[in-house]
Amino acid sequence: MTSFIIQRLLQTIVVLFLVTIMVFTVMHMVPGNPILVLLGPSATKEQIALYTAQFGLDKPVLVQYFSWVSNVLQGDFGESIIFRQDIGELIATRLPITVFVGGLAYIISVVTGMTAGVIAAVKRGGFIDSLITITANLGMATPIFWLGILGIYLFSLQLGWLPVQGFTWLTVDLSKGIKQLIMPVLLLSTVPLAMITRQTRSAMLEVIQQDYIRTGRSKGLKEKVIIIKHALRNALIPVITLLGIQLGNLVGGSVLVEQVFNIPGMGTLLVQSMLQKDFLIVQSCVLIIATVVALCNLAVDIAYGFIDPRIRYK
Amino acid sequence: MEHLLEVKNLKTQFGIDGTTVKAVDGVSYYVDEGEVVAFVGESGSGKSVTQYSGLQLIPSPPGKIAGGEIIYEGENLLDFGPRSEKMREIRGGKIGVIFQEPMTSLNPVMTVGNQISEAIMQHLNLKKREAKNRAIELLKTVGIPDAEHRVDYYPHQFSGGMRQRIMIAMTLSCDPKLLIADEATTALDVTTQAQILELMKDVVKRTHTSLVMVTHNLGIVARYADRVYVMYAGEIVESGPTKEIFNNPKHPYTLGLLKAVPRLDSSKDSKLVPIDGMMPDLSNKQDQCAFQPRCNHYTDHCLSSPSPQLKPVDEGQKHLYACYENINKNLFEEKLKKKSSIQEQEEESLYKTELTEEKDTILEVKNLKIYFPVKKGLMKRKIGDVKAVDDVSFKIKKGETLGLVGESGCGKTTVARSILRLYETIDGEISFKGQDIANMSKKDLRFLRKNMSMIFQDPYSSLDPRKTVESIVGEPLKNHKLVKTQKEYQKRISELLSLVGLDPTVKDRVPHEFSGGQRQRIGIARALASDPSIIVCDEAISALDVSIQAQIINLMKELQAKLGLTFLFIAHDLAAVRHISDRIAVMYLGKIVEIGDWRTLYENPQHPYTKALLNAVPIPDPLVEEERDRIIIEGEVPSLLSRPKGCPFSNRCPLASAECLDVEPALKSIETNHEVACIKV
Amino acid sequence: METGTAKVIDKKVYTSPAAAVPPKRSSVKRFLKVFLARKVVVFSLFVLLSLVFVAIFAPLVAPYDPYYQDLTKSLQKPSMEHLLGTDMLGRDVLSRIIYGSRVSIAVGIVSVIIAGGIGMILGLIAGYFGGFIDSIIMRFMDAMMAIPMIILALFIGSALGGGLDSVMISLGIALVPSYARLTRGQVLSVKESDYVLAGTISGTSNFKNMFVHVLPNSLSPIIVLVTMNLGIAILAEAALSFLGMGINPPGAAWGAMVNEGYKYLMSQPVLSIAPGIAIIIVVLSFNIVGDALRDALDPRLRGRI
C-alpha cells in the first residue's frame, strides 16, 4: 500500500511537470511577439523593450522555461498587466471562492448521485428508475449556463426568491451568502451528478449479477443486507475511479457558472484575462487548476486503494 | 418414507429475445436424508438451473418458474416468494449451495470470516464474537491451516482450492440438511479436486447431510453418488441407483455419454464413440423426444410420438428411463469383448513394434529454461525469478503424439509457447528438423511458422470474430504464399474444410454462427493449412462437452493417421491424454518428473506424483471405483515463487525424507522408454 | 487393425451433423434489433438526420437571411411573421437557429475527427510498443486530463486566436486523451487474445497483426465514444461561444445566441431560451443514440463510456 501511494505520488509529480511543459508550449504557440499581444497595439517601443527584458523573452526558450518554473515553485507568478497586481495575491483571493463553491457542489453531486444511482438500480425498470435515468440524461445534455440563465429568469426576476448574481462569504453575511450560493452550487453539481448517477446505476446493475451476490442470496441474507453490505461497496469501486474525471467536469463547469452569476472566482479571472489577452494570468490559472485537479485525483486513488483490499494487500 | 426434498414437475423458463427457452421442462426428483445424489448432463442440459429453481435463486427476469412443486418438510416452497422470510430461512439454514467458480463466488471486499459469520448470525442468532469463533472452527474443519489468522483474510489471498474449502465452510456454518454442489470441483486441479471431493464426502457422512452433486464428470458420479439423474435438454431422461445406471444404461443418451468418455482403464484402441450433432435449441422445443435427432436407435415411432415419459425398467424398480426403445448395453458389451480379445493381440504386437521401431526425431528439446523475472518496488528491482520451466528435455519422433500433462502452474503451456518461439529469449536448445529454434533469427522464424502450428483451448476466443472462415483458414496460406492463384486458394480452403468435416460452403460465414465443436474444427483446419510437421495442441479439447470432445479426439487421430502428423498434446485430463498419446511426460512445478510410453506410464507409474495424479482421476465405472485404493496427497501445488528446496514435490510427497529436501533429482532411466526423477525409485 | 465398426464411425465423422451448414445468423440483423429496440432511439436518429438535412439546406429552410439587420424590427415578440421573434438587431431568431446548426454540426464532426485521429494513433502506438513510449504518451495524456476539457479548449483556443477554425482545433485537441486512453486499453486487451496469437503462429507479422486483427476488433467502443463526443463537442462549442471565445459575431452560433439574449432576459426571454432548447435536443439525441449503440455493440462498456 505504501509503495502504491508513493508510486501514485511520483506519477502526479511527473504529470504536473508535463503540465508545465504543455502550458509553456501553448503560450509560446501564440502567433507573433507575445509581448505585442500582451501589451496590445498601443504599446510603445520602450514598453516592448522593457517587458521583453523583464520576462526574459530575449533569452533562449529553455532558459525562459526553467526560470518560469523555478519562479512558480517559489510562489512567484509575476505581475498582471491588466489588474496591476501580483498574480499570486490575485489567485489567493480568487481560488478559495472557487474551491468553496465547487467543494459544496462536489459533495452534493457525489452523495446524491450515488444514492440516486443505487435507487435506480434497485428499482430497475420501474417508474422511479425511469425518472432518475431520464433526469440524468437531461442533466448531461443541458448547457448549464443556459440552465443558469433560466434559473435567474424564474427565481430571481419572476419570483424574486433569490438574488440575481454575486458572491458573499458566509462569514460576512450568512443569509445573503446562502441565498447567493443556492443556484450556483446546484447548477455546478448538475453534470457530475448526472454522470455519477448513471455510473453508479450501471455499476450496481453489473455487480448484482455477480456470483458473490448469488452466494449472498444462497446464504439467506436479507435483500437489504445484500444491496448495502455486498453490492454497494463493490459497485463503488469503479465509480470512485471515475470521480477524478467528474472533478474535472465540475471545475470546467465552474468557469461557466461563475460567469453567469458573476462570482469572483478562478473561472471569471480566467475568462477575463483570456478576453483581455493577459496570458501571464492565463497560464498561472491553468497551472493552478491542473495542480488542484491532479492532487484531488491522487486523493481519490488513495481512497480507492483503501476500499479495495486487492490493492491494499498487494 | 417421506423424502427430505421432493420436486414435482418443475418447469423453469427464460424469456430471451422474445422467445421462451424451456431450460427445465417438467422435472421430478427427490432426495432422501443422508443420500448422495448426482445430476449429470452436458452444458445446457438444465442440471444447474433445476437446482437454482428449487431455491428460487434464478435471476428473474428473464427467468421464471412456470410450474411445479418443491416440497421440503411438508411445505411447497413455491408458495413462498423468493425474498420471503421462509425462503431465506431455507437458503443457508436448511439447504446450502457450493458454487462452481471459487474465484468469483466470494465477495472480494469482505473478509472470509465476515462472510461466514454473517450467515451464522442470520440463522443461528449468535453474537458477532461467537459467530467468528464458529467461523474459525469451521475453517479448521475444512482444512484451512492457521485459521485463527486467516479468518481475517480477503478471498484474493487464498488459492482456488482454499476458496472452495471456505465455500464449504460457509455452507456448513448453519448445519444444513442438504448441500448442493454445483460443479463444485470443475475449476480445480485434479489433485485438489480429489481433496475437495473427499472432504465433501467425509463431511456429509459425518453430519448425516444429504448431498446433491451437479456435474458433467461421470467419473465423479461413479465414485461418489448413490443415485443418479441423467438430464438432457431440460428433462430427466434416466434415473436410478448408480451401479444400475452405469452397468445397464437404458437411455441412448446415457449410453452415448458412457461410450464417449475416454477412460483410464479402457483398451487403448477402442475408439471413442461420439454423440453426433449437438443439443437442440431449447427455445422452440416440440413435444417430441429431444434426443431423437442425435439418437442411433430411433424408430419411426419416436418421430410421431410425444416426448417419452419416465418408466421403470422392471415393475417396481427404482431404475427409470424415458425412451420408447429398449436398448441393451450388455449385448453391446459382449460385442465389445469379442472385438477386444482380437484387438488385444493386435494391440500387443503393435505396441511391441512401436517400442522397437526407430523413427526420426523431429523435435528435440534440451535443458529448456524459461525464467520470468520478478520485479518489486518503485524501481522495479529484480528480486528473483519465476522458474516457469526449469531444465526440461525431451524428444518427439515423427508421426507420434507426445502428451504433456500436469496441473496448473506446472509449465506445460510455457513449454509449448517456447517451442513455438513466442518468447523473445529462450535458454536452452530446441532443435526442430535440425534447426535451432531457441536461437533462430527473426528472419528464419518464417520456416518455423510454416512448419509448426497450434490448436487452441478456447474455440470462442481463438477465432477472430470479424473474419470469415475463409480468411481465418487462409491466413497461413497467404502468409507463406502457399497458393499461387485465387482458384488454387479457394480449392485448398474447400479441401481443408472437408478434411475437418465441415461443409466447404460455410466459407463466407463468421465464427459466431458456429457451435463450439464446429469452431474447434475451423481451428484445426487453420492449423493444417500450411501443412505443418508438428501441431501443438494446447488443451485443445478441455473446453468442449463430452460428446463433442469425442468427435474432436477422433478427428485428430484420423488426421494423424492420414497426414502423418506429429502432435504435442498438452492437457490436464489424464484419461484423454492416455487415449491420444504414444508417449507421455508428467510435469510438476516446471520440471518433468516422469516420462514414458503410455502403457508403462499408466500401468507402472513410478513417481509418487504420477501415482497420486492417476489415482485422483475417477473412472466412470462404480464397480472399478469400489475396488480402487485412494491416495489423496496433501497440500496444493505451491506457487512457483515458493518452490521447495531439493525435489519440487518434497513438501507433498508421502515418501519424502530429509535427503529429498537437499537433492534435486534428475531424470534417470529405469527401463526402456521410462525415465523418472525421484531418488526413492 | 481398423474394425468394421470403426470404419462406419470413420465415415460418420465426415457426414456427421458437424458438417451441416449452420443456420445463417446475420450479425447485422441482431445488431439492428438491439440498437433500434426502443422507440426513443429511432426518434433520436430521426432528429439527428433532420438536423443534418436542415444544416445542409439551411438557405432553403430558413425563412429569412440570418444576418439581415432591421433595427426598426428589433426585439419583436414571437409572431406568425417571426415564429421566434427577432433579436436586438432585428434579425430573425428562427433563421439564426437554423444557421447555427451548421456551426454545431461542423464543430462536432471536425473536432471529433481531429480528436479521434490523433487519439487513436497515439493509443495504438502506446498499446503496441508499450514500455517507455507507452509511459511517455500516457503521462502526457494524464497531464492533458488534469486540465478540465473546457478549460483546456479555452486555453488552446485563446492561444490560437478565436474563430470557427480555432474552436474546432482546440476542442479536437482537448478531446484527444479520451480516445488515446480508450484505444490503448482496447489494444492491450485485444493484443492478448488467442486469435491474435493464432495470427502470429500462422506467420502474420506483428505489424500486420495490428491492422488485420487488433484494430478491427478494438473499434466498437471507439465508435460509441465518437457518437457520445459529438454531443459533448456541441455542448462545449456552445459554452465557448457563450463565453465569447467561440464564433466571432455576427456568425450565428447557439451558445453565442444564449449569451446575447442574456441581456434582454427581462423583456424577451425567448432569445436565450430557444437556442438552449436546440442544444438540448441535439445533444440528448446524440447521447441516446450513443447509449443504444453501446448496448448493441458491446454492453460490457456500460458505465465506462
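Proteins get letters first, then strands, A, B, ... in listed order; numbering begins at 1 in each.
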Need one label for [X]: side chain, backbone, both or neither, based on atoms under 4.5 Å from any heavy atom in chain C.
X: A:V260; value: both
X: A:V292; value: neither
X: A:M140; value: both
X: A:N297; value: neither

Checklist entry - With respect to chain A, which residue among C:V283, C:I280, C:I150 yields the maximal number of heavy-atom pairs within a distance under 4.5 Å? => result C:I280

Checklist entry - Given the options C:F155, C:F286, C:W254, which has more heavy-atom pairs under 4.5 Å with chain A than any of the others? => result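 Ranked by contacts with chain A, first place is C:F155.
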
Item to check | C:L225 side, atom CG; C:I222 side, atom CD1 - distance, nearest 0.5 Å | outcome: 8.0 Å

Checklist entry - For the atom pair OG1 (A:T98) and CD1 (A:I288), what is the distance rounded to the nearest 0.5 Å? => result 11.5 Å

Checklist entry - Which one of A:V282, A:T200, A:L16, A:L275 has the most heavy-atom pairs closer than 4.5 Å to chain C? => result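 Winner by heavy-atom pair count: A:L275.
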
Checklist entry - Any donor-acceptor pair under 3.5 Å linking the side chain of A:S254 with the backbone of A:V251? => result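 Between the backbone of A:V251 and the side chain of A:S254 there is a qualifying donor-acceptor contact (under 3.5 Å).
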
Next on the checklist: So does A:T268 get a backbone contact from the side chain of A:E258, meaning a donor-acceptor N/O pair under 3.5 Å?
Outcome noted: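 Yes, the answer is positive, given that a donor and an acceptor are paired below the 3.5 Å cut-off.
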
Next on the checklist: Which label fits A:F145 and C:F242: parallel for a plane angle under 30°, tilted from 30 to 60°, or perpendicular past 60°?
Outcome noted: parallel

